[in-house]
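Worksheet for the structure shown next.
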Amino acid sequence: VQLQASGGGLVQAGGSLRLSCAASGFTLNYYAIGWFRQAPGKEREGVSCISRSGDSTVYEDSVKGRFTISRDDAKNTVYLQMSGLKVEDTAVYYCAAAPFTTAQRMCSLTDEFIDYWGRGTQVTVSS
């Protein structure tokens, strides 16, 4: 039972990446999903979250209009499409799953309410 985040890499400023969060051993459609990131020396922050149904999404202010979260329950996967990347987007990105919560709350949940964390994927944006 695990979440696997993938799709990170090195990209120039202005470029794009698509992160994937794939679940194995459990069904994602019972969970709200969030993408979080942590840069060196900084606290973890919620980047974008999506409700169980997919009809509600939340974005951190600095990524609004540049990032898009989506889910494909048939593939048991959630995506984060990142465009217009900036140097300050550089971080390790993690996905997480929590039941019985909204997209809004998902992005500010503390660890005790999260059932699954994926291993991080590094995103590095060069100038």
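Because the structure is a prediction, the values reported are computed rather than measured.
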Do [X] and [Y] sit in the same hydrophobic cluster, where Ile, Leu, Val, Met, Phe, Trp and Tyr count as joined when their side-chain heavy atoms come under 4.5 Å apart?
X: V47; Y: L28; value: yes
X: L80; Y: V63; value: yes
X: V78; Y: Y116; value: yes
X: I33; Y: I114; value: no
X: V92; Y: L85; value: no

Check: [Y] and [X] side chains under 4.5 Å, non-hydrogen atoms:
X: M82; Y: L19; answer: yes
X: E60; Y: W35; answer: no
X: D111; Y: R44; answer: yes
X: L3; Y: F26; answer: yes

Between [atom1] on residue [X] and [atom2] on residue [Y], distance to nearest 0.5 Å:
X: T57; Y: R71; atom1: OG1; atom2: CZ; answer: 11.5 Å
X: T90; Y: L10; atom1: OG1; atom2: CG; answer: 8.5 Å
X: Y31; Y: D115; atom1: OH; atom2: CG; answer: 5.0 Å
X: F36; Y: M106; atom1: CZ; atom2: CE; answer: 4.5 Å
X: S62; Y: E45; atom1: OG; atom2: CD; answer: 6.0 Å
X: C21; Y: R119; atom1: SG; atom2: CZ; answer: 13.5 Å

Using the ring pair (Phe, Tyr, Trp, His ring centres under 6.0 Å) rule, collect all pairs that involve residues 41-83, keeping only residues at least two apart or in two chains. none
Over all atoms of both residues, closest heavy-atom pair of [X] and [Y]:
X: R105; Y: T102; answer: N-OG1, 3.1 Å
X: A32; Y: R52; answer: N-CG, 3.7 Å
X: V123; Y: G8; answer: CG2-CA, 4.1 Å
X: A5; Y: C95; answer: CB-SG, 4.0 Å
X: S51; Y: A103; answer: N-CB, 3.6 Å
X: S48; Y: C107; answer: C-SG, 3.5 Å

Would D89 and K86 pass as an ion pair if we require N to O under 4.0 Å? no
Give a yes or no on whether [X] atom [atom1] has more than 12 heavy-atom contacts from other residues, nucleotides or ligands under 6.0 Å away.
X: Q12; atom1: CD; result: no
X: E112; atom1: CD; result: yes
X: Q38; atom1: CD; result: yes

Could you tell me whether the side chain of N76 and the main chain of A23 form a donor-acceptor pair under 3.5 Å? yes
Strictly by modelled atom types, are Q122 and T124 linked by a side-chain donor-acceptor pair under 3.5 Å? yes
